[in-house]
Participant: 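Below you will find the structure I want to go over with you.
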Number of protein chains: 2
Amino acid sequence: MSTTPPGTPPNPPPAPTRRATITDVAREAGTGKTSISRYLNGEFSALSPELRARIEAAIARLDYQPNQMARGLKRGRNRLIGMLVADLTNPYSVEVLQGVEAACHALGLMPLICHAANEVEMERRYLQLLTTYRVEGVIVNALGVREETLRPVGDGGIPAVLVDRRVEGLIADMVGLDNGAAAELGTRHLLERGFDHIWFVVQPFERVSSRRQRVEAFDRAMRDEGRARGRTLVLDLADETAVERGLAELDGAIDSLDGAGTAPRVALFAANAPVALRLALHLNARYGAHWQSRVALLSIDDPDWAELAGITTIRQPTYDIGYRAVEFLHERIEGALTGARDCLLPGELIVRASTAR
Amino acid sequence: MSTTPPGTPPNPPPAPTRRATITDVAREAGTGKTSISRYLNGEFSALSPELRARIEAAIARLDYQPNQMARGLKRGRNRLIGMLVADLTNPYSVEVLQGVEAACHALGLMPLICHAANEVEMERRYLQLLTTYRVEGVIVNALGVREETLRPVGDGGIPAVLVDRRVEGLIADMVGLDNGAAAELGTRHLLERGFDHIWFVVQPFERVSSRRQRVEAFDRAMRDEGRARGRTLVLDLADETAVERGLAELDGAIDSLDGAGTAPRVALFAANAPVALRLALHLNARYGAHWQSRVALLSIDDPDWAELAGITTIRQPTYDIGYRAVEFLHERIEGALTGARDCLLPGELIVRASTAR
DNA sequence: CTGTTAGCGCATTCAT
DNA sequence: ATGAATGCGCTAACAG
């Protein structure tokens, strides 16, 4: 590579073929490995300034970097934590990740990010891999897995914190949106704005607890109101045929309520961004760019295109969720013995053209 | 914020249930560690069926999982590779990641995903961390860093493969979009469709080679055509004031060319999705939902909302880029001595309403 | 076929 | 204040 221009003093030491080890440094500094180790761990009180300087110099000269693996092996902690993400394609996940990273940074942890890409088999594989690398804990945004898959996690196993979703049979800390409050918030908003036919659209529950909770809160809010009509549509985004069947049902409802020029009475409440996108695409294709004058769309999650499309959303405190999750996990790693805790954060309603009247 | 690097904090280790070690298994199976090791490595030819069965049973009974860290320490390879992503918020990155993951899976590698979140300091930190964990190689989607930061990488250092962008002064394999061809493809498309005032909008080049290449190809294509007018607008998305200044300039151009009912003559060519989104948001705010009748928008990158907004795009072969990068890296890890290779993949033009006439 | 031995790079007693 | 010795969990010679 030789990026050093000829004639320039070679400030960086020549890349050692074999990385320097603690032994090399000890020899170079004319001392024992113990002192080097002490230096590395900041135990300066046990080092004469003179020795300390020599060590410093030797390290610089050799471009020495302690091997984390070896350190981990020795002390039984490697500062690694696993972050299992169900679907990075969902902006929600990326945002949560930002919080996770920030917290890890602050706590001296290194997140090992694993992406299950919505495949249960991947999830299983990564979880197994994580335990094999002896991560000190895991943050799990689980797919529809049974507790079975998470066996290494939880009691006696690796400390774990759940994000967004519970896992049946697994008792662990969990942090996520207050789904009940959020769904209620959205529903009330739609009712207030005068929509009297509201469809809650959600992916199959499988084992995703948050989805179920959102639907339940929606149902409850609709029941409380009494007059308006609420229905639920389950859309399996992985099955295009099924999706189209569901959408046709929706179309029927919308068409039948066409108020001939009056404000729309039908509102769609998407349980999350992927669903909202699918709905928007369909409505756009069917009714053209003016679909908003026919139906209102509200979604939990606030993807970047929401502003562009002008749909109302309930933004999740994603960053905080991630940050909080790491904090919980850190406490567990440090040995906190509390019972499983829940941290439910509120969502924020962002009203846009879609439901503004 | 404590920036204590992982591995350094001298905290008391917790006391989790101790996982079984190879020694435990050996004892349980009434044999030596060597045989267990052989079993783990699939050297069955050196194990009597009887012993093999006993080992199998012991492993199951103890729920034993070999410690990768220890294995890595011993054999000098830990099957870990680093994947440094500049900005996970960009769908491009997530898609590349999918390819990376698939390839890793296929090659028995474990990707350690690091997200620099557009901060050079983060990038530096993660790179340092990766070498500290002794990853066998890194795939780098670099920010505007100098070769300096990547010193551990490259000749003599950790094998590396660049994605999307070159790093000044660093000679390494690189895989990404054929920027020249892509920008030319887009430009020609716009010209064919009759747009005669084309703005290429791009973020500051900093050290991102792909941005510069795209602009250059655009300029070239415009020069070749001759008649039409091409301009470049640099938009620093991180500086809102500057962004608005730039957008105002754009507005002026659009307004002055208002064809009073005729088809739009102005087209915007966004160098990537983030830029395209910013443009769309602005146009939507300024001209209303009908902005498409005033300006055309074409973008490199094909984010999910492109279909919704109906803008034309040039989709990058993201998955392949990621997959290929891992393959390159794997070859390097296995000792390939070839000179630095380039793999430029073609983009695919997806024509949508925005430029369809 | 199978077990013994000797480290991998480092942190930790325990002496000095 | 400093260093020698021991072992973390595992693999790789090297014997039997």
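A note on names: the letters A, B, ... follow the listed sequences, proteins ahead of strands, and every chain is numbered from 1.
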Participant: Heavy atoms under 4.0 Å is the rule here; annotate nucleotides 3-10 of chain C 5' to 3' with B where the base is hit, S where only the sugar-phosphate is, and - elsewhere.
Facilitator: BB--BBBB

Participant: Does this structure show an ion pair linking Glu334(B) with Arg77(B), if we count only N-O contacts that are shorter than 4.0 Å?
Facilitator: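 Yes.
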
Participant: Partners of Tyr126(A) by ring pair (Phe, Tyr, Trp, His ring centres under 6.0 Å), sequence neighbours excluded?
Facilitator: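 So Tyr126(A) forms no ring pair (Phe, Tyr, Trp, His ring centres under 6.0 Å) with any residue.
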
Participant: Arg332(B): which residues meet the salt bridge (Lys or Arg N to Asp or Glu O under 4.0 Å) condition with it, sequence neighbours left out?
Facilitator: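 Listed in chain order: Asp173(B).
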
Participant: Excluding sequence neighbours, so at least two apart, what forms ring pair (Phe, Tyr, Trp, His ring centres under 6.0 Å) with Phe328(A)?
Facilitator: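 For Phe328(A), no residue satisfies ring pair (Phe, Tyr, Trp, His ring centres under 6.0 Å) once neighbours in sequence are set aside.
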
Participant: On DNA chain D, which is the earliest and which the latest nucleotide, 5' to 3', with an atom closer than 4.0 Å to a heavy atom of chain A?
Facilitator: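 Footprint of chain A along DNA chain D, 5' to 3': dA1(D) to dG9(D).
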
Participant: Got a sec, which residues hit salt bridge (Lys or Arg N to Asp or Glu O under 4.0 Å) with Glu56(A), two or more places apart in sequence or on another chain?
Facilitator: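 Glu56(A) satisfies salt bridge (Lys or Arg N to Asp or Glu O under 4.0 Å) with no residue once adjacent residues are dropped.
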
Participant: Of all residues at least two apart in sequence or in a different chain, which pass the side chain to side chain contact (heavy atoms under 4.5 Å, CB included) check with Ala325(A)?
Facilitator: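 Expected list: Ile139(A), Val161(A), Val163(A), Val175(A).
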
Participant: For Arg134(B), what residues pass the salt bridge (Lys or Arg N to Asp or Glu O under 4.0 Å) criterion, not counting sequence neighbours?
Facilitator: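 Not a single residue meets the salt bridge (Lys or Arg N to Asp or Glu O under 4.0 Å) criterion with Arg134(B).
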
Participant: Only distances under 3.5 Å count here; give the side-chain donor-acceptor pairs of residues 25-36 of chain B to other protein atoms, sequence neighbours excluded, each with its distance to 0.1 Å.
Facilitator:
unit_1   : atom_1 : unit_2   : atom_2 : d
Arg27(B) : NH2    : Asp24(B) : OD1    : 3.2
Glu28(B) : OE2    : Arg61(B) : NH1    : 2.3

Participant: Asp320(B): what forms a salt bridge (Lys or Arg N to Asp or Glu O under 4.0 Å) with it, not counting sequence neighbours?
Facilitator: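 For Asp320(B), no residue satisfies salt bridge (Lys or Arg N to Asp or Glu O under 4.0 Å) once neighbours in sequence are set aside.
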
Participant: Within this structure, what is the CD-to-P distance between Glu43(A) and dT13(C), rounded to whole angstrom?
Facilitator: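 Answer to the nearest Å: 10 Å.
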
Participant: What is the bend of the helix from dC1(C)-dG16(D) to dT16(C)-dA1(D) when you compare the axis at one end with the axis at the other, using five pairs each and rounding to 10°?
Facilitator: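 Here the local axes at opposite ends form an angle of 40°.
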
Participant: Restricting to side chain to side chain contact (heavy atoms under 4.5 Å, CB included), what partner residues turn up for Ala53(B), sequence neighbours left out?
Facilitator: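 Per chain and number, Ala53(B) pairs via side chain to side chain contact (heavy atoms under 4.5 Å, CB included) with no residue.
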
Participant: Starting from C1' on dC1(C), measure out to CD1 on Ile55(B) and report it in whole angstrom.
Facilitator: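 The answer, rounded to whole Å, is 12 Å.
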
Participant: With a 4.0 Å cut-off on heavy atoms, is Ile36(A) in touch with a base, just the backbone sugar-phosphate, or nothing at all?
Facilitator: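 No contact.
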
